[in-house]
**Student:** 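Structure in structure tokens, see below.
In each ligand, atom 1 is the first atom listed, and ligand 1 is the first ligand listed. On a predicted model such as this, the values are computed, not experimentally measured, just so you know.
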Amino acid sequence: MGKNVPEEIKEEIRKLVEEINYHNYRYYVLDSPVISDEEYDKLFRKLKELEERYEYILPDSPTQRIGAPPLDKFEKVRHREPMLSLDNAFDYEDLEEFDERIKRFLRTEEPIEYTVEPKYDGLAIEITYEKGLLKVASTRGDGYEGEDVTLNVKTIKSVPLKIDLKNIPEDIDIRGEVYMEIEEFERLNKEREISGEPLFANPRNAAAGSVRQLDSSITAKRKLHFVAYGLGFFKGIQFSKHSEFVDWLKAAKFPTPYTFAVVRGAKEVVEAVRELETKRKEFSFEADGAVIKVNDFELQKILGIKTREPRWAIAYKFPAHQGTTKIVDIRASVGRTGVLTPYAIFEPVKIGGVTVSRSTLHNFDEMERKDIRIGDYVIVERAGDVIPHVVSVIKEKRTGNEKKFSVPKVCPECGSNVIREEGEVAVRCVNINCPAQVIERIIHFASRNALNIEGLGEKNVELFYEKGLLKTLTDLFKLKKEDILKLPRFKDKSASNIIEAIERSKKTTLSRLLFGLGILHVGEYVAKLLAKHFEKVEDLYGVDREKILQIKQIGEKIADSVSDFFGRKENILAIEEMKRMGLIIENPDFEGDKKEKKTPLKGLTFVITGRLPEERSKVEELIETLGGHASSSVSKKTDYLVVGEEPGSKLEKARSLGVKTISYEELKRLIDELSGK
Ligand code: IVH
């Protein structure tokens, strides 16, 4: 690679990689960026351009983080040192006993030095760095063997692709936790709720589900974080203490535990744990406890392992936060798809430092199963699941005045009838113009993974709706700056920003649009599947369920919902109106129906080198659409090397292997010829 690349270009690429990686670190690890998103994007684009043009990609290039084509399955990875689990402590006494055990084992009366750090509630990961470069990332699995999730872990921006230090260890396994911040978890669940996808029970499941995901481009979209806290196999470096290792991690630009204390003796351990517990409120992530470790590695070695847990560490589990309160009312809210969800209003109660005054009751079946009534005293818990939930009713406290809440006959927002379909838990409002639904639909349409209209969040949508500026999705594209300026909250700049964001959103992709339309059961994944099989949105108009069922990953429920949506005239008219107002729908996901489609390049492998008259990615896309395979490296299997201006080292390689070389024009002719034109 890159034999013919001029030294000054190599230098420029190296500098850009370094610069962008630095800004990544500022943003994702230190949480204090020093440049704007636009400046960052500019640097990124410039790097990408140079990399494509010179075919010179450094292994730690930030362009290698975007995800790759889906895998069929994960390969297995053996851990060179087993990944252990931890013994649990449930109160301070257990911690004192832990300290006693250690002193007994070591036959010492001297106070032991410990470290105290949060126990992150995520998914344990091991990352192998060889000569400083990220080689393999794997899940814990059974502790001895896990799954290769390298592609997914590479998409996590705070994971260094290269260890950025003068003295790089020859070989080192860094361990830590991949987790999702609470806010991102809630955002993701909300998105899933409105598209009818199953919800994640807690941030841990959400993180695990995102890492154990065969399509790394989906992982790339979930905002995941990494924290390093452990050492596996290593060679070519020495550490004497855990705290020294953590300092090294920091210097090597790894994210390290949010709080970290080095203390001596049981009393100080308890104090540090207490302090960590009070700080828990400010954590943006879910911590289910504290991990206490013997600091000295030499002592850790002596203490060793008992079956699956080390003697030198313990996890202190926070008690589940529970409280008792009274339900003063039960109401129902209406989501985007019209589903009514019951929720309880409490007499406000402080649980684990947070005032709780309401909680979802999930659905009417659940409410009835737990026999929850207005006026009941209940036990409310905030545990691993950040969102509070009702554990049980204290039936002994009933006075007889409690009132059952029955499933509403009409929508609490618009008064229309509600229906409950056979065998379904959900109760729905049938009026698709119900204000609650419309507002939720617009919020969803504008959200990040749909049309991504920046600045058009919940508050603004509600306001625009109230003021009559937005009644339907299509109204979005009719918004005028003058109208927004009439609203009290807006100044010239903020109004322009929204209008510009809407303008930008008009160029979108079919999968984003399908997701954004909020078709029942169509989440991001299903939207992508549809876009892979249907070239244009028009191909979906009036589509019958059988056609959709041909997509093997899609079942009857989804097929019915999609064909129902595109069988409705009003939906098609709405899409057509958006198109008239400038909506441009591209479809880079389309793979075509390979059997029916013309595939003149079937069975042929192409590699491109040098600059072509057209953007490389476009040419590659063309080759793939026509059934060919566009590869990035020349091998004996390559059929044609397409040579542009200033070709790279691939040309030499092709010549030495006897691979045919053709120009861009010759490629075009070849396509015409093979297509029988
Ligand atoms: S140290 C042998 N430190 O807890 C010690 N683990 O129950 C290995 N965890 O599998 C782990 N935060 O996934 C360590 N600061 C932390 C941790 C932590 C979360 C998880 C980890 C491990 C599990 C053990």
**Student:** Between F260, Y229, Y120, which one has a non-hydrogen atom sitting closest to atom 6 (N) of ligand 1?
**Tutor:** Y229
**Student:** Between ligand 1 and P118, is the shortest N or O to N or O distance under 3.5 Å?
**Tutor:** yes
**Student:** With a 4.0 Å cut-off on heavy atoms, is M83 touching ligand 1?
**Tutor:** no
**Student:** Test of understanding: given a 4.0 Å heavy-atom threshold, classify the contact between E177 and ligand 1 as side chain, backbone, both, or neither.
**Tutor:** side chain
**Student:** Please could you name the atoms of ligand 1 that P310 approaches to less than 4.0 Å, counting only its heavy atoms?
**Tutor:** 2 (C)
**Student:** Starting from atom 8 (C) of ligand 1, find the nearest protein heavy-atom neighbour and note its residue, name and distance.
**Tutor:** L84 O, 4.1 Å
**Student:** Please write down residue, atom name and distance for the protein heavy atom closest to atom 3 (N) of ligand 1.
**Tutor:** K293 NZ, 3.1 Å
**Student:** Counting the benzene-type ring for Trp, do Y40 and H23 have ring centres under 6.0 Å apart?
**Tutor:** no
**Student:** Please identify which atoms of ligand 1 are closer than 4.0 Å to at least one heavy atom of R140.
**Tutor:** 10 (O)
**Student:** With respect to Y179, which candidate in V227, D121, L224 satisfies the side-chain contact (heavy atoms from CB on, under 4.5 Å) definition?
**Tutor:** V227
**Student:** With a 4.0 Å cut-off, would you call E126 and R140 a salt bridge?
**Tutor:** no
**Student:** Just to be sure I read this right, does ligand 1 sit under 4.0 Å from the backbone of L86, its side chain, both, or neither, counting only heavy atoms?
**Tutor:** both
**Student:** Which is it for E309 and ligand 1 at heavy atoms under 4.0 Å: side chain, backbone, both or neither?
**Tutor:** neither
**Student:** Give a yes or no on whether K306 atom NZ has more than 12 heavy-atom contacts from other residues, nucleotides or ligands under 6.0 Å away.
**Tutor:** yes
**Student:** Taking the six-membered ring for Trp, are the ring centroids of Y92 and Y316 within less than 6.0 Å of each other?
**Tutor:** yes
**Student:** Aromatic ring centroids of Y229 and F260 under 6.0 Å?
**Tutor:** no
**Student:** Report yes or no: is the cationic atom of K317 (NZ for Lys, CZ for Arg) closer than 6.0 Å to the six-membered ring centre of F90, at no more than 45° off its axis?
**Tutor:** no
**Student:** What atoms of ligand 1 come closer than 4.0 angstrom to any heavy atom of E117?
**Tutor:** 3 (N), 15 (N), 16 (C)
**Student:** For the residue pair S284 / E181, report whether a side-chain donor-acceptor contact shorter than 3.5 Å exists.
**Tutor:** yes
